[in-house]
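Worksheet for the structure shown next.
Being a predicted model, the structure only gives us computed values, none of them experimental. Computed from heavy atoms alone, side chains included, the values below leave out hydrogens, waters and symmetry copies. So that the names make sense, note that chain A is the first sequence line, chain B the second, and so on, each numbered from 1.
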Number of protein chains: 2
Amino acid sequence: MSKPRINTMEELSAAIGVSRPTLSRFFQDPTLVKPNTVARIEAGLAKVEYIPNFFATRLNRKSTGMIGVIIPYLNDLFFTKLLESVEIAAMEAGLTVITQCSHSDPDIEARAAETFISMNVDGALVAPLGDHSDQAVYRRLQSRLPFVMMDSRPNTMQGVDFVGTNHTQSTGLIVEYLCRIGDPPVFLAMPRVNFNALEREAAYIAKMEELGFKPQVLGTELVNEDWHFEKHGEAVLDAELSAGRLAERSILCANDRLAIGAIRAATRHGLFPGRSKEGGFRVAGHDDYPLCPNINPSLTTVAQNTDAIGKKAVSRLLQKISGGLSDDTPEITLFDGSLMLRESA
Amino acid sequence: MSKPRINTMEELSAAIGVSRPTLSRFFQDPTLVKPNTVARIEAGLAKVEYIPNFFATRLNRKSTGMIGVIIPYLNDLFFTKLLESVEIAAMEAGLTVITQCSHSDPDIEARAAETFISMNVDGALVAPLGDHSDQAVYRRLQSRLPFVMMDSRPNTMQGVDFVGTNHTQSTGLIVEYLCRIGDPPVFLAMPRVNFNALEREAAYIAKMEELGFKPQVLGTELVNEDWHFEKHGEAVLDAELSAGRLAERSILCANDRLAIGAIRAATRHGLFPGRSKEGGFRVAGHDDYPLCPNINPSLTTVAQNTDAIGKKAVSRLLQKISGGLSDDTPEITLFDGSLMLRESA
DNA sequence: CGCCAATATTTACATACGTAAAAAAGGGAG
DNA sequence: CTCCCTTTTTTACGTATGTAAATATTGGCG
């Protein structure tokens, strides 16, 4: 059952009668070794238990075959979807992904960056924490590694490669839809924890003005710091409804989690958002959170293409790693959002 | 702005006039070096940019200070909460966590295990994939590393350290509650993707029989493999309600995501689950998914103590790593669930 | 001023493997 | 059988650090 365990290539070399450098080449790429020898090595490996040491193999290589990924939160299905897309794309490219989560803490984010540097990762992918994270960290990563930002981008980081959503388009899309089908929406803003919050808000205002409507933004004051979006949305809408406002309006929420809270507040006030009845009370969100189709009513929203963002971030990082770029102009890729029409608006 | 970059301890030694072995000890623990020298080193470090190489530092140590964690899914807030708890506990213990996600794929899970072994991690924490994962992988990890399983445990892995929830207690608790306040519940089972599914189902049956009621289990046939719990719950309940059954019953769902789907099906049939009206239609879940308080109606459920599970798993692993265990009897720790009374039941 | 203990440095070797160059072996063609 | 080319082995050094032992230095104290 349990084969003899061999710890080093040296021992393995002695055990199966093939020289260590040949073994080294074999483990890097078996095609570098004659088929005859490959067969001999594989026969030998079948009889013992040996795994090359991860650290030792990477210590003296120009490339470690690893990339570092930092995401700000784990308890958010948006980042989780993004991470999944990144991990799968990286795996297909043969890279080992080292993931670190900032857990809402800029210090942890900074430490993660140092860890990546000390690991000699080939590159780093970062979804930033928000406006309270230390941007020196990003600059430092950028100066030392192939580096791509995802999802949101500090406005002081213009010179960096970035992959995200075109919030002007995506927010504009749903504003236009809401205005076309019914009353122009008010905007339930999210706490300004990151830069997308401001972009969406600005996009809402711009589109409303373009259509000749007066924008109205609610809930910009930060209720709490803890990303309790649902509670925030619920509290803001509850206050409005209690004051006798908004009961016949359309409400565009800056993200789906706010919308989930808003719907809950509405229901408690006896309102059931929906697009069935023309012109009535409606709620829409942004992001296409995985639970949107399953809540009551299912949430009309605009989907971010997390899959495309993750894939593109990895492929762009690979480009920068391979270094075959004629110019090093930062590339900004923004994917369009797509309308997900469901019951709530 | 940019300090001279120094890549090796050797260079650093030359640059600031302190011997390399002293620097080595300094980076491992500054208290091993005289305060005077510490000050000299820190003054030197302030003038240059240097980070010890992660791999080199770990190559020749008995302990790498790293633990590997495998979780089966990323897009599930339960695992995400568990991972968060684990990461924070590990961080407090000064460990570097290497996280790998199986992405529903036993092959990926197996590869992750090999990666951990090749990295010489000090120990591994695994939340298994379910009944289609290769249990040889777990045995292999167990034979080579301090190893603790979390969340769910294959019944063929009895001799392993395990930390999870006492499903007999937790499920019993909510069954007892539902029976006490209203009609005895039917059980909406989850697709049998893991071993907890069976435990909860068995616990439901046992408690019902203990209370003198006839158990009734629905939805054991696997609708899909993809953990689309919400769709499964919705489909099963929709079928029942369409057939004119269950409209006045209480429904205990094997987990909250099923319950979310069940509530959606109910709402579409004009039913609004709640405990306000005694004895009417009710829906309850299991796990205390983060969104439970925010859906409509908010979901009555029984909370798994993910925080305690994560902390305990880490501390148990640390015990095994330090090796100060008089016996090596596997330890099974099961935390009780706690009732979260909300609107739905 | 000299001694002792604490600390630092020197020296040397270890970790597990990558990599390059030179030497040896093997295999096929003539 | 010999030559030539390919592949493998040998040899040696490199990667960045840990660690142990011997030696040197330092500081405090009598």
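Ranking C:dA8, D:dT9, C:dG18 by closeness to the A:Arg40 side chain, first place goes to D:dT9. Side-chain proximity of B:Asn60 to D:dG18, D:dA12, D:dT17: nearest is D:dG18. Closest to the A:Met9 side chain, of the nucleotides C:dG18, C:dA16, D:dA16, is C:dG18. Listed nucleotides: D:dA16, D:dG18, C:dG18. Nearest to the side chain of A:Arg61: C:dG18.
Per the geometry, CZ belonging to A:Phe26 stands 20 Å off P belonging to C:dA16, to the nearest Å. The interatomic distance linking A:Phe55 (CZ) with D:dG18 (P) rounds to 13 Å, in whole Å. Between the P atom of C:dT15 and the CD1 atom of A:Ile51 lies a distance of 19 Å, rounded to the nearest Å. One interatomic measurement links the two molecules: CD of B:Gln28 to C1' of D:dT17, which rounds to 9 Å at whole-angstrom precision. The distance between atom CG of B:Asn120 and atom P of C:dA16, rounded to the nearest whole Å, is 8 Å. C:dA8 atom P lies 16 Å from atom CZ of B:Arg20, rounded to whole Å. Rounded to whole Å, atom C1' of D:dG18 lies 12 Å from atom CG of A:Leu59. Straight-line distance from the CG atom of B:Asn53 to the P atom of D:dG18: 10 Å, rounded to whole Å.
Positionally, the nearest nucleotide of DNA chain C for A:Pro21 lies more toward the 5' end than for the other of A:Lys34 and A:Pro21. Toward the 5′ end of DNA chain C lies the nearest nucleotide of B:Val18, the other residue of the pair B:Ala56 and B:Val18 mapping further downstream.
The aromatic rings of A:Tyr138 and A:Phe147 lie parallel to each other, their planes meeting at an angle below 30°, with 60° marking the opposite boundary.
Between A:Tyr50 and C:dC17 there is a side-chain N or O to OP1 or OP2 distance below 4.0 Å. In this structure, B:Ser19 does not reach the C:dT10 phosphate: none of its side-chain N or O atoms is under 4.0 Å from OP1 or OP2. A close approach under 4.0 Å does not occur between any side-chain nitrogen or oxygen of B:Thr8 and OP1 or OP2 of D:dA16. Residue B:Thr22 has a polar side-chain atom (N or O) positioned under 4.0 Å from OP1 or OP2 of C:dT9. Remark: A:Ser24 is not in phosphate contact with C:dC17, judged by side-chain N or O atoms under 4.0 Å from OP1 or OP2.
We find the CG-CD1 distance between B:Asp307 and B:Ile88 to be 8.0 Å, quoted to the nearest 0.5 Å.
Cation-pi geometry between A:Arg58 and B:Phe55 is not satisfied (NZ or CZ under 6.0 Å from the ring centre, within 45° of the ring normal).
In the interface, the side chain of A:Arg58 is not paired with the base of C:dG18 through any donor and acceptor atom under 3.5 Å apart.
Looking at heavy-atom distances under 4.0 Å, A:Glu10 makes no contact with the nucleic acid at all.
Checking each of B:Val33, B:Thr31, B:Thr37 against B:Phe26 for a side-chain contact (heavy atoms from CB on, under 4.5 Å) leaves exactly one that passes, namely B:Val33.
A:Ser24 and A:Gln28 are linked by a side-chain donor-acceptor pair at a separation below 3.5 angstrom, with hydrogens and angles left out of the test.
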* **Test log, rule salt bridge (Lys or Arg N to Asp or Glu O under 4.0 Å), inputs A:Glu49 and A:Lys3** => CA-CA 6 Å; A:Glu49 186 181 324; A:Lys3 307 170 188 171; over 6 Å; no
